[in-house]
Protein chains: 2
Amino acid sequence: MSIDGQLPPKARLLRAAAELLANSGGSAVSTRQITQQAGVTAPTLYHHFGDKEGLFDAVVAAGFDEYVAGERDFAPSGQPLEDIRRMWDNHVEFGLKQPELYLVMFGNIRPESRPAIVADAEALMEEMFNKAAVSGQLNVPPKEAARSILAANVGVTLMLIAEKVPERNLELSAMTRDAMIFAVSTEQARDNGSDDSGKSSVVVAAIALNAALQASHSDQLSSSELKLFLEWLHRISTSSTS
Amino acid sequence: MSIDGQLPPKARLLRAAAELLANSGGSAVSTRQITQQAGVTAPTLYHHFGDKEGLFDAVVAAGFDEYVAGERDFAPSGQPLEDIRRMWDNHVEFGLKQPELYLVMFGNIRPESRPAIVADAEALMEEMFNKAAVSGQLNVPPKEAARSILAANVGVTLMLIAEKVPERNLELSAMTRDAMIFAVSTEQARDNGSDDSGKSSVVVAAIALNAALQASHSDQLSSSELKLFLEWLHRISTSSTS
DNA sequence: GCAGTTCATATAGCGTTGCTATAGGTGCTA
DNA sequence: TAGCACCTATAGCAACGCTATATGAACTGC
């Protein structure tokens with residue numbers, strides 16, 4: 001199962017490490033696995049990459065190029081905030097598509113040691129926020145906005161990765177994304193008081209009622225009634241959120 | 001350097017693990033270190049805790065108690081959203097005070113394996129959001145709000161931990177916190193005379209929901225369902241919930 | 001008081017990990 | 001051909017998580 005062919009050992013090591021990482025399923029990947037799959041022996045790895053972390057950094061660098069490509073490849077829409085929204089989604093998508101690589105990049109956290117890649121990602125996002133700031137759409141400095149959004153973006157992505165696939169709910173991402181972007185922006189489209197105010201008041205009321213019922217051990221309703229009742233409330237409160 | 005004294009080996013192991021973890025400075029802690037410092041041998045560890053992760057889980061459980069104590073120990077201000085704000089700050093403070101322990105609790109992420117502790121923390125926060133929902137201060141379901149806020153809270157805390165101490169800027173936390181809380185809240189609750197919040201809100205919410213349902217041609221429910229539903233709402237809203 | 005049982009700890013060692021001291025091969029320039 | 005970098009392999013070290021096995025201690029039933 002080794003990677004034969006004409007590639008030089010260094011490239012074979014990179015490729016083997018990336019493949020094993022992608023298929024590891026969360027368990028650790030050993031240097032012996034990597035060198036065996038690459039068809040080389042241990043000293044070759046350490047000659048080219050110094051140590052295991054060096055190899056992983058190199059893999060991450062390649063992964064980051066892919067990440068950056070995803071972050072840049074859409075045409076600027078002229079609306080920086082819309083671009084940032086897409087940046088967020090690209091970030092989450094990248095994390096869910098390659099969770100192991102993402103975890104090496106963003107999940108390998110140790111106190112007071114900030115991976116260079118985080119700074120790079122932050123710079124990428126700050127660059128985008130600068131455009132928003134130029135057009136007066138920001139109410140906080142771009143740097144702060146980028147740091148804040150990236151932190152939330154990483155937090156959401158990590159939480160989604162930790163969840164089992166069938167339970168992953170991208171609403172979490174969309175909601176957090178919009179909340180954060182709105183918070184740093186100057187747009188005031190919050191309360192239009194227009195048509196959907198009726199709808200949203202249903203939602204608010206249903207949510208409040210639902211919570212109140214769960215809080216008080218309501219003996220107004222039998223348990224089976226209550227169950228159905230709550231199910232309806234849930235249907236209402238989740239169906240009409242737009 | 002071993003922990004002598006009268007404590008049973010199990011407690012000594014827990015204590016040694018917690019101490020070593022707190023002083024590890026980010027590097028890994030081995031079972032040999034732990035057993036040596038505890039003054040026992042390896043099989044004792046595995047007899048009591050199964051494996052290394054079991055021991056760490058036990059340490060985390062103790063750490064979580066401390067975390068929960070921090071999250072609960074302030075008196076409810078009567079303003080749930082204000083309490084949530086303090087919850088957020090407690091979370092960050094806990095993470096910065098004991099980064100290694102925090103990383104074991106919230107930073108040990110693997111795909112599709114969600115640590116039980118995350119679910120616990122989420123439940124704790126959801127509980128608080130339920131109170132906010134009761135007083136009609138939420139515009140999203142409490143569960144979604146809790147997940148979203150917790151994700152952002154963890155993301156911010158991890159990012160702060162990764163930064164070198166002198167560069168840590170708590171503005172990042174405050175800003176993200178307020179952004180998230182604002183986003184899930186119904187900002188209208190500001191000028192409420194807070195009198196009619198609480199238990200009677202069941203009635204208020206039920207009435208509001210009732211009116212809203214009748215106003216909109218709700219096609220979420222069938223007509224017979226709606227009839228029964230409204231009957232229940234009537235029962236609830238005309239009786240006093242304890 | 002004594003055998004039987006269970007719990008708790010120790011001795012010794014297995015297999016794997018990341019990594020390296022040393023040496024040998026390969027291809028280039030002179 | 002000689003010399004010199006560069007690259008790779010053999011073999012093995014120390015540390016890791018973990019365990020098969022055995023021994024001691026404490027309690028139970030008769």
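Here is how names work: the chains are called A, B, and so on, in the same order as the sequence lines, proteins then strands, and each is numbered from 1.
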Between B:H91 and B:F106, how do the two ring planes meet: parallel, tilted or perpendicular, split at 30° and 60°?
-> tilted
Taking only the side-chain heavy atoms of A:H47 (C-beta and beyond), determine which of D:dT8, C:dT9, C:dC19 contains the nearest atom.
-> D:dT8
Testing D:dA20, D:dA9, D:dC18 for proximity to the side chain of B:D51, the answer is D:dC18
Nearest-angstrom distance from the residue atom [atom1] of [X] to [atom2] of [N]:
X: B:K52; N: D:dC18; atom1: NZ; atom2: C1'; value: 12 Å
X: B:R12; N: C:dA10; atom1: CZ; atom2: C1'; value: 13 Å
X: B:Q33; N: D:dC18; atom1: CD; atom2: P; value: 15 Å
X: B:Q36; N: C:dA10; atom1: CD; atom2: C1'; value: 16 Å
X: B:L13; N: C:dT9; atom1: CG; atom2: C1'; value: 11 Å
X: A:L45; N: D:dC7; atom1: CG; atom2: P; value: 15 Å
X: A:I34; N: C:dT16; atom1: CD1; atom2: P; value: 17 Å
X: A:Y46; N: C:dA21; atom1: OH; atom2: P; value: 13 Å

Short side-chain N/O contact to D:dA9 OP1/OP2 from A:T44, under 4.0 Å = yes
Should A:H48 be listed as having a side-chain N or O under 4.0 Å from OP1 or OP2 of D:dC6?
-> no
Touch check for B:A42, heavy atoms < 4.0 angstrom, all strands: base, sugar-phosphate only, or nothing?
-> base
For B:S30, answer base if it contacts any base atom (sugar-phosphate contacts may also be present), sugar-phosphate if it contacts only those atoms, and nothing otherwise; contact means non-hydrogen atoms under 4.0 Å.
-> sugar-phosphate
For B:Q33, does the CD atom sit with more than 12 other heavy atoms under 6.0 Å from it, leaving out its own atoms?
-> yes
Would you kindly say whether B:T176 and A:S148 are connected by a side-chain donor-acceptor distance under 3.5 Å?
-> yes
Partners meeting side-chain contact (heavy atoms from CB on, under 4.5 Å) with B:T31 (sequence neighbours left out) = B:L45, B:Y46, B:K52
For A:R32 and for B:T31, locate the closest nucleotide of DNA chain D by heavy-atom distance; then report the residue assigned to the nucleotide nearer the 5' terminus.
-> A:R32
Could you name each residue pair satisfying salt bridge (charged side-chain N to carboxylate O under 4.0 Å, His left out) that touches residues 88-108 of chain A, not counting sequence neighbours?
-> A:D89-A:R177, A:E93-A:K97
